[in-house]
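Report on one structure; see the data block that follows.
Positions are given from 1 along the sequence.
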Amino acid sequence: MLLHFAIYTTLFLTVSHGASLPNLSNEHSLDDGDKGGGKRTRDPGYVRMPVSRQKFKSKGKSKRGWHWGPPTDPQNDSPSLKSNQPFKPTHASSSTRPTPTLTRITRSPPTQQSPTLHRRAADRRWGWSNLEELGGIAYIIQLDIGTPPQKVRVFVDTGSYELWVNPRCSTSASDSLCQTFGNYFPSKSNSAMHIGGNFAVTYGTGAVRGSYWSDVMSIAMLQIPQVQFAVAADSNYTFAGILGLGYAYPYSIPYPSVLNLMVSQKMISAPIFSLGLGGDGDGFSEIIFGGVNRWKFAGPLVPVSIWPPVKEQDPRWVQYWVNVTSVGLTKPKEAGKLYTPREGFSMPTLIDTGSTLSYIREDLVAVIGQQFNAEIDTQGNYFVDCKYRDVAGTVDFGFNSGAMVINVRYKDFIYQLYPGRCMLGVQPADYGSTYYVLGDTFIRGAYLVFDQQSDVVWMNQYYNCGDGVVTVGQTPRDTENVVGAC
């Protein structure tokens, strides 16, 4: 049975180490969730995952960070930046994050890893996992942590970069749902090691705190010897842990992330992973680390450069920003219409699997909403008749000046809160903000390859015509050689 629950977590948060946990009362109002400068609040039943905003000044590392090969030039159609200052969204602010002191706790020696599994992974150089779709709200991956392994399920989030587990279910938005995701107990693992330094995150509607641990972890058919992650000691409102897959070490955190470790252990060739969420409710969602499933798209993948370029973003907070160059809509049996200028339109936007909905300019939301006869509630949320989910139209997002257009079916674009109550897949960004997000209501229409080696997100229209994985990352930009089989 599909569970819909009241949850809202803001995109903006403060991260600190050694800070005290804010008030963890279990009483909330929706107004608590929108502190970003706007008066608008959101209806419950969807997720806007946190994006960590931390300060970390790396030492002894190249300015480019965790990269293989030279940086690529931005696309010719990318807009010129008006300032030499690192890019930030309009309400970007950071809090100081000191580097934690590491302390090893003596425990029983870890159990030796299976050489058979490592040999298969070394030959394969990619790892695959299905993703569980939570009613269009979020996408979940299973981890096996410790010796013996303990099963834990967490959200996949391209908008953040740390892994943490063990939310406190009794103070979460849904105790019963939280209980199904599993817990990790360091005391029950022979390979666990405690690491000094506190983990603390404050959300718009909740908080989590804990400490860092290291343990063996299996994910997507790969077994990583020692992964550092946070184990929550206390939390409020959030009901699942998070696997952050954004740019991590050495930008945002002083230790290698799960993705970094896959590369350093030679399990994958480069920090690259592909996502095919598939249609809403289709049950075919997957993630592949170090590989591409060429049976999920047709023709070549198109490179869309990270924009602004990594070197021009705030080095403490590098994200998968891309430049949206057009927005339009195609009604059944009609030619598509653009709602943006054919030339010169630019909207840097974050691709974020941790956001159920997408958030763009309010004028564009208004014109799209008119096509669906949307109603606007007192908080500024756009609602539409659920009948449109059965209509064969698409909402169209263009990149590279129209060289790549992703057509998202109405069914995948319109989010159903519960039977008979649906939200438009794009909502206005917070008042006064240029923090635009392409969430799951966009990603379901695309096959995406997040390539930190070349600072590119490779794209094509999503199809599902079978399975066949190809290794990528052995040389920079070799993803361009993969041709879809659909």
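- At least one donor-acceptor pair closer than 3.5 Å links the side chain of S285 to the backbone N or O of L277.
- Defined by atom type and a distance below 3.5 Å, a donor-acceptor pair is present between the side-chain atoms of S274 and Y447.
- Between F372 and Y410, the angle of the ring planes goes over 60°, which puts this pair in the perpendicular group of the 30/60° scheme.
- Listed here is the closest heavy atom pair of Q453 and D451: N-OD1, 2.9 Å.
- For E375, the salt bridge (Lys or Arg N to Asp or Glu O under 4.0 Å) criterion is met by no residue, not counting sequence neighbours.
- In this structure, the separation between CD on E132 and OG1 on T180 is 7.5 Å, given to the nearest 0.5 Å.
- W126 has its ring centre no less than 6.0 Å from the ring centre of F273.
- When all heavy atoms of D352 and V437 are compared, the pair lying nearest together is CB-CG1, 3.8 Å.
- In summary, of the residues considered (Y161, F450, W458), a ring pair (Phe, Tyr, Trp, His ring centres under 6.0 Å) with Y320 occurs for F450 alone.
- Side-chain atoms of S170 and D175 form no donor-acceptor pair, as typed in the model, at a separation below 3.5 Å.
- Closest approach of I360 to M347, counting heavy atoms only: CG2-CE, 3.9 Å.
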**Item:** Stepwise salt bridge (charged side-chain N to carboxylate O under 4.0 Å, His left out) test for D280 and K411
**Value:** CA-CA 7 Å; D280 186 16; K411 175 179 178 289; 5.2 Å; no
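- No donor-acceptor contact under 3.5 angstrom links the side chains of Y462 and D412, judged on distance only.
- Scanning all heavy atoms of the two residues, the minimum distance from T471 to S269 falls at CG2-OG, 4.1 Å.
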**Message:** Go through it in stages, so that I can follow the logic: the residues are I140 and F155, the test is side-chain contact (heavy atoms from CB on, under 4.5 Å), and I'd like the CA-CA distance, side-chain angles, deciding distance and then a yes or no.
**Reply:** CA-CA 5 Å; I140 301 160; F155 287 157; 3.7 Å; yes
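- Listed for the T394 side chain is no donor-acceptor partner under 3.5 Å among the backbone atoms of V408.
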**Message:** Checking L261 against M217 for the side-chain contact (heavy atoms from CB on, under 4.5 Å) test, could you report, in this order, the C-alpha distance in whole Å, the side-chain angles of both residues, the deciding distance, and whether it holds?
**Reply:** CA-CA 11 Å; L261 288 172; M217 178 182 299; over 6 Å; no
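- Nearest heavy-atom pair across V263 and P271 is CG2-N, 3.4 Å.
- The CZ atom of R168 sits 7.5 Å away from atom OG of S235, with the distance rounded to the nearest 0.5 Å.
- Of the residues Q228, H194, E162, the one that meets the side-chain hydrogen bond (donor to acceptor under 3.5 Å, both in side chains) test with Y212 is E162.
- With rounding to the nearest 0.5 Å, the separation of CZ in F229 from CD1 in I145 is 4.5 Å.
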**Test side-chain contact (heavy atoms from CB on, under 4.5 Å) applied to Q150 and S189, step by step** = CA-CA 8 Å; Q150 303 173 47; S189 173; 4.0 Å; yes
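- In this structure, R361 is not positioned above the aromatic face of Y436 in the sense of NZ or CZ being under 6.0 Å from the six-membered ring centre and within 45° of the axis.
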**Message:** If you apply the rule side-chain contact (heavy atoms from CB on, under 4.5 Å), what do you find for M459 with L448, and how did you get there?
**Reply:** CA-CA 5 Å; M459 296 186 184; L448 302 175; 3.5 Å; yes
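- The OH atom of Y139 sits 12.5 Å away from the OG1 atom of T158 when rounded to the nearest 0.5 Å.
- Going from atom CD1 of I219 over to atom CG of L163 covers 8.0 Å, rounded to the nearest 0.5 Å.
- A distance of 11.5 Å separates CG of D144 from CG of D215, quoted to the nearest 0.5 Å.
- P308 and P348 get closest at one heavy-atom pair: CD-CB, 4.5 Å.
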